[in-house]
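Quick notes on the structure that follows.
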Amino acid sequence: MPQHLLFGGNVLSPTLEGSGYVLKPLEALLIRDGKIAAAGRLSEVEPLATPDTQRIHLEGRTVLPGFNDAHIHVWKVGQLRTTLLDLRGVKSLEELYRLVGARAKTLKPGEWLWGRGWNEALLAERAMPDKAALDRLAPHNPVLLTRTCAHIHAVNSQALQLAGITLETQVPGGEINFEQGLLYETAYGLVFRAMGEPSQAQYEHWIRAGLEYLRSLGITSATDPAVDPPLYAAYRALEARGELPIRVNLLYIRRPDGGSETFPLPEKHRSDWLRCDSVKFFADGGLSGAPAAISQPYKTLEPPQYGLLRFAEEELLELALEAHRAGFRIGTHAIGDRALDQVLRVYERLYQEAPGPRHRIEHFGLAGPEHLQKARQLGVIAVPQPIFLRELRANYQRYVPDAWLARCFNLRAMFEAGLTVAFSSDGPVVQQVEPLKGLQAALREPLVEGNQVTLEQALWAYSVGGAVAQGDEANRGTLEVGQWADLVVLEGDLHDPYSLSVHRTLVSGIES
């Protein structure tokens, strides 16, 4: 494995010193055997190089630890880049229906027409797709169109029939609007099962496509946050063949959508490239489409709606306690205040029962002072998505009660409360999964002025925070000696986030 000496640029290591976040300046890095062998002043590092060491002059560029996306659905990102009908950015139902009709003409009768990404808040009609229209556009094909949040789905009559859904069908933790063809939360699982499980080869194709794209964005480590047994098998196969282009952490789902069965705890796995010792629960729905569980009614919705809790508290406690006692980290999707209340109570009871690892809350969207304080007390890791502040802004302004806008994904409040914060994108819920886009949103685009964070905080959350969240802070996240040489090299002015671009990405010191 070649050795590299990097110098002649801004080499910066995100660090938390006391209560302050800083970017520790370095002059040079020596990379040997895929790891950082020396870091510091060039006069100290250069003598450690050998005649075979490749010297790389950075020409003033910035070197940082590779970005860590702490919550991104990798295979779904890859699916949208390869086979799925991409409806993100569609501006009207007319445009959506045109795309659906065009895709239907390419399919054989009976083939599923699967798409994702529509967002009614961005559509001219401010309305959701309608079953009758989908029936006309695809009379010979079942249709499943997933909303951008993946918590609401539009289907046609043939899809409902194949899934066995009738006017009388009920599903725990979900809702069905049969007349319009809309499925909420766990009801999606009924249709997904009717589609038939993708093959392992398909999963592997989508995973590779997603990971290769992430690497091009400067991401060297990511967490895929809802992995079931077939998807886990695909990841293990790719790892065994040495085909993972970046390092991956998995959150193994315990309760799949559309059923009451629970997957057993998975076999733990830890290697340099793949880690699975965490599990995932959904406590509520998404905020951008209004299924997140809140205690005040959503704006503009009649009759008044308060979202959905997916679990009874005692059931969630029982499942979480099993994982906690077995030493698994837990990442729970919780956005609304009712869901945060429930999850924090459950986490507190876990630690009362037995010691265990630090757990996560995915999204942490509408946290108030009481949630921040309790999370800090319990050592909970918050995993929010800065890019939501840009892409889902119109949804929050439409649905979130006015009094709560200031607490909606208030990143600054999370840091000020002393939480460990790990930034992520939740792609493909959003179209822009680039960490640099998230950095722009975190620094310059808060939902309410004053809620922005500092550059030092944001870069820490995009590197160290993600490593801590998955238990890998000893081997990635900073530019310290002994860490993996997983790096991103940036062009542009670091203090002008809109000027930045990724120049190159190195994993184990190697550029793809």
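Values below: every heavy atom of this structure, side chains too, minus hydrogens, waters and symmetry copies. All residue numbers refer to positions in the sequence shown, counting from 1. Since the structure is predicted, the reported quantities are computational estimates derived from the model, not experimental observations.
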**Study point:** Gap separating the CG atom of L231 from the NE2 atom of H73, nearest 0.5 angstrom
**Key:** 11.0 Å

Review point. Taking atom types as modelled, is there a side-chain donor on Y203 or Q79 under 3.5 Å from an acceptor on the other?
Key: no

Review point. Are the aromatic rings of Y351 and H359 close, with centres under 6.0 Å apart?
Key: yes

Practice item. Mark yes or no for whether K280, through its side chain, and P225, through its backbone, hold a donor-acceptor pair below 3.5 Å. Key: yes

Check your understanding: Looking only at atom types and distance, does a side-chain atom of Q385 sit under 3.5 Å from a main-chain N or O of V383, one as donor and one as acceptor?
Key -> yes

Practice item. Would you confirm whether the ring centroid of H71 sits within less than 6.0 angstrom of the ring centroid of F423? Key: no

Practice item. Just do the side chain to side chain contact (heavy atoms under 4.5 Å, CB included) check on L316 and F281 with the steps written out, would you? Key: CA-CA 8 Å; L316 179 59; F281 297 101; 3.8 Å; yes

Check your understanding: Closest approach of S295 and D337, non-hydrogen atoms and distance?
Key -> OG-OD2, 2.5 Å

Review point. Should the pair E370-R407 be classified as a salt bridge under the 4.0 Å nitrogen-to-oxygen rule?
Key: yes

Point to revise | CD/E491: more than 12 non-hydrogen atoms of other groups inside 6.0 Å | key: yes

Review point. What do the steps show when you test V191 against I165 for side chain to side chain contact (heavy atoms under 4.5 Å, CB included), and what is the final call?
Key: CA-CA 9 Å; V191 171; I165 297 174; 4.0 Å; yes

Practice item. For the pair R358 (side chain) and G379 (backbone), establish whether a donor and an acceptor sit closer than 3.5 Å, ignoring hydrogens and angles. Key: yes

Exercise for review: Taking the side chain as every heavy atom from C-beta outward, state whether I361 and I381 have any pair of such atoms under 4.5 Å apart.
Suggested key: no

Review point. Do S463 and T478 come within less than 4.5 Å of each other through their side chains, counting heavy atoms only?
Key: no

Practice item. Evaluate whether atom CD of E348 has more than 12 neighbouring non-hydrogen atoms of other residues, nucleotides or ligands under 6.0 angstrom away. Key: yes

Check your understanding: Could R338 and D284 be called an ion pair, given the rule that one side-chain N must be under 4.0 Å from one carboxylate O?
Key -> no

Practice item. Check whether the ring centres of F415 and Y21 lie less than 6.0 Å apart, and answer yes or no. Key: yes

Check your understanding: Would you call E261-R254 a salt bridge at under 4.0 Å N-O?
Key -> no

Review point. Would L350 and E353 count as a side chain to side chain contact (heavy atoms under 4.5 Å, CB included) if you check the C-alpha gap in whole Å, the side-chain angles of each, and the deciding distance to 0.1 Å?
Key: CA-CA 5 Å; L350 295 182; E353 289 281 345; 5.8 Å; no

Review point. In terms of side-chain geometry, is the basic nitrogen of R310 or E185 positioned less than 4.0 Å from the acidic oxygen of its partner?
Key: yes

Point to revise | Aromatic plane relationship, H333 with H363 - under 30° parallel, 30 to 60° tilted, over 60° perpendicular | key: perpendicular

**Study point:** Min side-chain heavy-atom separation P256-D228 under 4.5 Å
**Key:** no

Point to revise | Flag side-chain contact, heavy atom, 4.5 Å: V453 against V421 | key: no

Practice item. State whether Y347 and K374 meet the cation-pi test: NZ (Lys) or CZ (Arg) under 6.0 Å from the six-membered ring centroid, and within 45° of the perpendicular axis. Key: no

Review point. Under a 4.0 Å N-O cut-off, is there an ion pair linking R349 with E314?
Key: yes

Review point. Is any side-chain N of the basic residue among D472 and R275 closer than 4.0 Å to the acidic one's carboxylate O?
Key: yes

**Study point:** R398 atom CZ, neighbour heavy-atom count above 12 within 6.0 Å
**Key:** yes

Exercise for review: Show the numbers, then the answer: is there a side-chain hydrogen bond (donor to acceptor under 3.5 Å, both in side chains) between R390 and Q432?
Suggested key: CA-CA 10 Å; R390 174 186 293 176; Q432 300 172 335; 3.1 Å; yes

Review point. Mind checking whether M195 and L144 have side chains closer than 4.5 Å, heavy atoms only?
Key: yes

Check your understanding: Taking side chain as C-beta onward, heavy atoms only, is H324 less than 4.5 Å from R329?
Key -> no

Review point. Would you call E391 and K437 a salt bridge, using N to O less than 4.0 angstrom?
Key: no

Check your understanding: Within a radius of less than 6.0 Å around CD of Q352, do more than 12 heavy atoms belonging to other residues, nucleotides or ligands occur?
Key -> yes

Check your understanding: Does a side-chain heavy-atom distance below 4.5 Å link W404 with Q296?
Key -> yes

Review point. Does F409 have its ring centroid less than 6.0 Å away from the ring centroid of Y396?
Key: yes

Exercise for review: Tell me, with the steps shown, if T169 and L167 meet side chain to side chain contact (heavy atoms under 4.5 Å, CB included).
Suggested key: CA-CA 6 Å; T169 300; L167 278 168; over 6 Å; no

Review point. Does atom CD of E318 have more than 12 heavy-atom neighbours, drawn from other residues, nucleotides or ligands, at distances under 6.0 Å?
Key: no

Check your understanding: Is the closest side-chain donor-acceptor distance between R476 and N68 under 3.5 Å?
Key -> no

Review point. Salt bridge check: are R360 and E362 linked by an N-O gap of less than 4.0 Å?
Key: yes

